[in-house]
J.: 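One structure follows; several queries about it will come next.
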Amino acid sequence: MTNLVIVESPAKAKTIEKYLGKDFTVRSSYGHIRDIQKKGMGIDLENGFLPNYEISSDKKKNVTELKKLAKASDTIWLATDEDREGEAIAWHLAEALNLDIKTTKRIVFHEITKPAIQAAIANPRTVDLDLVDAQQARRILDRIVGFELSPILWKKIRTGLSAGRVQSVAVRLIVEREKEVEAFESNFVFRVQGQLKLLDKSGNPVGDLDVKRTATFATEEEATAFLEAVAKANLSVVSLEEKPAKRTPKAPFTTSTLQQEASSKLGFSVKQTMMVAQRLYESGKITYMRTDSVNLSELAIAQAKETITSEYGAKYSESRRYKTKNADAQEAHEAIRPTDFGVENVTGERNEQRLYQLIWRRAIASQMADAQLKRTTVDVGIDLLPDDKLTAKGEVVIFDGFLKVYDFDAKDGSGLLPPMTIGQALSVTELGAKQSYSRPPARYNEASLVRTLEEMGIGRPSTYAPTIDTVQQRGYVIKEDREGKPRDYRQITLVDGKVSAETLSEMAGTEKNKLFPTDIAGIVTNFLTKHFGDILDYQFTAKVEGKFDVIAEGKMQWQDMLSEFYTQFHPRVVAAEDVSREEAGQARSLGNHPESGKPMFVKIGRYGPYVQVGDGENEEKPTFASLMPGQKMDLLTLEQALDLFKLPREVGEMPETFKAKAVDGSEFGVEKGQMIIAKQGPFGPYLEYGVKMYAPIKGFDPLSITLEESVALVENKIQADADKIVKTFPGTDVKILKGRWGPYITDVTTKKNAKIAKDEDALELSLEECEKRLEEAPEPKKRGRAAAKKAPAKKAAAKKPAAKKTPAKKAAAKKPATKKPAAKKTTTRKVAAKKAAVKKIDAK
DNA sequence: CAGTGAGCGAGCTTCCGCTTGACTT
């Protein structure tokens, strides 16, 4: 009797194999083995959203091997994780290995112990196809959203961009937070704090007391008046309160909380945390690191108790069972914990040791007793200000409990207060009122973004780190440090009975390892929220998850759910095709032009980012300049933008005539005294040195390039142009030039070009023949405004019916009463109307 | 937006979730 057990992870397979007898072979799938085809949509949008699955390229070898083993085995046990994805993996395995889905045994275990595994083997079920359907709906929806939205971004904003249910919301969070920070208006209050001396009956100091005034002052005058009153007043202890308090340990780590703590305590990036954790997992030191569960197995709880009791004594032990708050959690695994609590430290790399210790402490602490504290609050009365007071707080640990191992969050500074009695007098050592500014909302770092996403139920433990990576790779988000700016503040100080004030400086807004949105992120988020607001909605995932749950319960067909989604989603994709690049590329405002006061923007256009001055109001035409090569639109300042308009600039006159000789002996070049002008074009800066004579500026700043440098560039260009000449016809504008694809005929003034066949000898061609061909050649295409506006409209008209008909037809067939056909008929007219509307606005 | 030099067309980019690879520089 031979058995094949398939789990997801190879590390798990190894452990399980030990617990099962010789009759059992345990192998792993290495996660998902099949996925929707890699290229293209891979979903039949017209026929029930049927996906085309294929074995993932990196799993082919493994699947072949599993197939072989399956054939040789009497019984197959699908032991993938007990969650939606695990169920789907089991189903894909059954499909790929040609197993009967109705009879193949499906087992799950919640902990890897011999009895648990044996119990699982004794109670097999079959694959839950409803749960599989829920996963398919999830997968297909993500593919549709990602693969229909991304191409729109390529067309309207920039190629290579991407959008998706998870990443687009992550980017939105960062964009919105940045807006909040920018819009934040800081105000200030004056906070009073300082140190007092406790006095004995004869006025000798017997102890120090750190105090604060809980309430703040709105103005410097009030704060000064307060300190001046205190200077003259008698201070005494008016109330003394002691209260017991306790602190409770936190739950053991999940992926997200581990990432947060490793970030704040060890300074790890989320990626780094996962890599180090993976190594600990593979070497058997910790349980699985991609989990959303805070649950510990009974065995683990018992083990922890044993360790705590023997290390610290029984009173430190308190067995606790934690519940996951998050409703979206799938809890296929345990919380992250040491596999052996008896091991307090591991060998290996330093970072592995540090992360392990963090995990060990957090898990152990979660099974320890509360810390018992005594909190003391002292109020100091001021006789001249009977309604006011200063307060001191102290906290003493009576019993440390879990703090013995996990004291990272212990409050500092508020230790034991000196002994005192009601009525005891005090004097001021130093008391200050500092002007303190309110702070804008904190920008996200990687870990806090993960926390927010998790709270919103967006993304999964296995995808947090990759998502953070993706948004950075696509150029939506930059992780960096930013220097703050110095800011003045007022400090009023009472010392030796005298009140003085001074202006001091501090750094404000310093950021370290924070996530900043790029301009592209702003553009994409604007565009997507405008046209696909529901997908960018922070609730979108939660809403569809609710539907997936209904599917998993067998109360809804997955096709119906997708159909409902797609019939409202796809038309908006079609509509978004008609949005002009200009509208889609709306970007950042740079402020106003210092002289004209016109608004300035950085936008992204067909040829990349550019600056626009003026918004076309008041019949004034905006002016434009593209960014220099290497300039980043995200970082462009108003000053740099203005610099772009300092071109064209007259660099100087040609000091000498320069002529270059072509192969046929003809000469051309530039005369002495010709003005050289530096200009900025769509592909970068260039020099103009005559009618239709240009040389690109490479390696120099067009604002500061010298005449000497310019002349060198011009001469090089003339020489290069001369080298391109195959033949000239003296006295005419006709030339035969060397092109990248062979020689061609050109007319220098009309810019018309004509072909020369491959088997022809270009040198043999007569002027008459060349002129004839030029005559027949098509007009050179006009580019620029007129052409740019026309082209998309044409394209849309030609492309639309063919490309868009089929899905629409399908929707119409399904629901005859929808507005779909009507909408389609009017598409072209609508485009025209929209364009007209845009023009009207322009004209205004 | 504008021009910097042929013009056209085909092909490419992309999603989210599971899991670790290792033929050779």
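What you see is a predicted model, and the numbers here were worked out from it, not measured in a lab. Proteins come first, then strands; the chains are lettered A, B, ... in the order of their sequence lines, and each starts at number 1.
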J.: Taking atom P in both dG7(B) and dG3(B), compute the distance separating them and give it to the nearest angstrom.
T.: 16 Å

J.: Hey, does Gly146(A) reach any base, or is it just sugar-phosphate, or nothing, if we go heavy atoms under 4.0 Å?
T.: base

J.: By the 4.0 Å heavy-atom rule, please label Lys61(A) as base, sugar-phosphate, or nothing.
T.: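 Counting heavy atoms under 4.0 Å across all strands, no contact is made by Lys61(A).
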
J.: Establish, with yes or no, whether the OP1 or OP2 oxygen of dT14(B) is under 4.0 angstrom from a side-chain nitrogen or oxygen of Arg165(A).
T.: no

J.: Can you tell me if the side-chain N/O atoms of Gln612(A) get under 4.0 Å from OP1 or OP2 in dC1(B)?
T.: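 No, Gln612(A) has no side-chain N/O under 4.0 Å of OP1/OP2 on dC1(B).
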
J.: Could you work out the separation of dT24(B) and dT20(B) based on their P atoms and round it to a whole Å?
T.: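 Comparing P positions in dT24(B) and dT20(B) gives a spacing of 24 Å.
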
J.: When the distance from CE of Met275(A) to P of dG21(B) is rounded to whole Å, what number comes out?
T.: 14 Å

J.: Does a nitrogen or oxygen in the side chain of Tyr281(A) sit under 4.0 Å from OP1 or OP2 of dT19(B)?
T.: no

J.: Rounded off to whole Å, could you give me the CD-to-P distance for the Gln278(A) and dT19(B) pair?
T.: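 In whole Å, dT19(B) P lies 9 Å from Gln278(A) CD.
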
J.: Does Lys156(A) pair with Glu583(A) as a salt bridge, N-O distance under 4.0 Å?
T.: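 No, Lys156(A) and Glu583(A) are not salt-bridged.
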
J.: For Phe601(A), report the nucleic acid contact type (base, sugar-phosphate, nothing); a contact means any heavy atom under 4.0 Å.
T.: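 No contact.
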
J.: Rounding to a whole Å, what distance do you find between Lys60(A):NZ and dG21(B):C1'?
T.: 16 Å

J.: Give Gly459(A) one of three labels, base, sugar-phosphate or nothing, depending on what nucleic acid heavy atoms sit under 4.0 Å from its own.
T.: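 Sugar-phosphate contact only - Gly459(A) comes under 4.0 Å of backbone atoms but never of a base.
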
J.: Using whole Å, what does the distance between atom P of nucleotide dC18(B) and atom CE of Met274(A) come to?
T.: 11 Å

J.: Under 4.0 Å: is that the gap between some side-chain N or O of Arg290(A) and OP1 or OP2 of dT20(B)?
T.: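 Yes.
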
J.: Examine dG17(B): is either OP1 or OP2 under 4.0 Å from a nitrogen or oxygen in the side chain of Ser462(A)? Give yes or no.
T.: no

J.: Name the closest nucleotide to the Pro10(A) side chain, picking from dT19(B), dT14(B), dC16(B).
T.: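 Out of dT19(B), dT14(B), dC16(B), the nucleotide with an atom closest to Pro10(A)'s side chain is dT19(B).
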
J.: dT19(B), dC15(B), dC16(B): which one has an atom nearest the side-chain heavy atoms of Asp142(A)?
T.: dC16(B)

J.: Ignoring backbone atoms, establish whether Ser29(A) has a side-chain N or O less than 4.0 Å from OP1 or OP2 of dC18(B).
T.: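 No, because none of the side-chain N or O atoms of Ser29(A) sits under 4.0 Å from OP1 or OP2 of dC18(B).
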
J.: For a quick test of reading the model: is some side-chain N or O of Arg460(A) closer than 4.0 Å to OP1 or OP2 of dC18(B)?
T.: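 Checking dC18(B) against Arg460(A), a side-chain N or O does come within under 4.0 Å of OP1 or OP2.
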
J.: Can you tell me which nucleotide in dT20(B), dT19(B), dC16(B) comes closest to the side chain of Thr463(A)?
T.: dC16(B)

J.: Please report, rounded to the nearest Å, how far the P atom of dC15(B) is from the CG atom of Leu161(A).
T.: 10 Å

J.: Do the side chains of Asp534(A) and Lys543(A) get close enough for a salt bridge, i.e. N-O under 4.0 angstrom?
T.: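 Salt bridge: no.
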
J.: Using the side-chain heavy atoms of His32(A), tell me which of these nucleotides is nearest: dC1(B), dC15(B), dG17(B).
T.: dG17(B)

J.: Can you check whether Tyr30(A) stacks with the dT20(B) base, using ring centres under 5.5 Å and planes within 30°?
T.: no

J.: Please determine whether a side-chain nitrogen of the Lys or Arg among Lys12(A) and Asp81(A) lies less than 4.0 Å from a carboxylate oxygen of the Asp or Glu.
T.: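 Counted as a salt bridge, because a side-chain N and a carboxylate O are separated by less than 4.0 Å.
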
J.: Before accepting this row, confirm whether a basic side-chain N of the pair Arg139(A)/Asp142(A) lies closer than 4.0 Å to the acidic partner's carboxylate O.
T.: no

J.: CG of Asp81(A) versus C1' of dT19(B): gap in Å, rounded?
T.: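 The distance from CG of Asp81(A) to C1' of dT19(B) comes to 10 Å, rounded to the nearest Å.
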
J.: Starting at CD of Gln37(A) and ending at C1' of dC15(B), how long is that distance when rounded to a whole Å?
T.: 13 Å

J.: Does CE in Met275(A) sit with more than 12 non-hydrogen atoms of other residues, nucleotides or ligands closer than 6.0 Å?
T.: no

J.: Could you tell me whether Glu545(A) and Arg84(A) have a side-chain N and a carboxylate O separated by less than 4.0 Å?
T.: yes

J.: Taking the minimum atom-to-atom distance to the side chain of Lys59(A), which one of dT19(B), dT13(B), dC16(B) wins?
T.: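 Minimum distance to the Lys59(A) side chain belongs to dT19(B).
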
J.: Measure CD/Glu454(A) against C1'/dC16(B) and give the value in whole Å, please.
T.: 17 Å

J.: Just to confirm, is there a sub-4.0 Å distance from OP1 or OP2 of dT13(B) to any side-chain nitrogen or oxygen of Ser150(A)?
T.: no

J.: Reckon Arg474(A) has a side-chain N or O less than 4.0 Å from the OP1 or OP2 of dT14(B)?
T.: yes

J.: With respect to the phosphate group of dC15(B), does any side-chain polar atom (N or O) of Ser162(A) fall under 4.0 Å of OP1 or OP2?
T.: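 Answer is yes, contact under 4.0 Å.
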
J.: Taking the side chain of Thr159(A) as heavy atoms from C-beta outward, which of dT14(B), dC16(B), dT13(B) is closest to it?
T.: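 The answer is dT13(B).
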
J.: Under 4.0 Å, counting only non-hydrogen atoms across every strand here, what does Val166(A) touch: a base, just sugar-phosphate, or nothing?
T.: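 Sugar-phosphate contact only.
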
J.: Check the chi torsion on dG21(B) and let me know: syn if it falls within 90° of 0, anti if not.
T.: syn

J.: Using distance alone, with no hydrogens and no angle criterion, decide if Glu148(A) and Tyr566(A) have a side-chain donor and acceptor under 3.5 Å apart.
T.: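 Glu148(A) vs Tyr566(A): donor-acceptor pair found between side chains.
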
J.: Report yes if at least one side-chain N or O of Arg34(A) is closer than 4.0 Å to OP1 or OP2 of dC18(B); otherwise report no.
T.: no

J.: For a quick test of reading the model: is some side-chain N or O of Gln167(A) closer than 4.0 Å to OP1 or OP2 of dC16(B)?
T.: yes

J.: Does the base of dC16(B) carry an N or O that pairs as donor and acceptor with the side chain of Arg143(A) under 3.5 Å?
T.: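 No, no donor-acceptor pair under 3.5 Å.
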
J.: Cation-pi check for Trp91(A) against Arg106(A): NZ or CZ below 6.0 Å from the six-membered ring centre and within 45 degrees of the axis, yes or no?
T.: no

J.: Describe the nucleic acid contact of Ser168(A) in one word from base, sugar-phosphate, nothing, applying a heavy-atom distance below 4.0 Å.
T.: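 It contacts nothing in the nucleic acid.
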
J.: Could you say whether Glu282(A) or Ala163(A) is positioned toward the 5' end of DNA chain B, judged by the nucleotide with the nearest heavy atom to each?
T.: Ala163(A)

J.: Here's a test of your reading of the structure: between Lys12(A) and Pro609(A), which maps to the more 5' nucleotide of DNA chain B?
T.: Pro609(A)

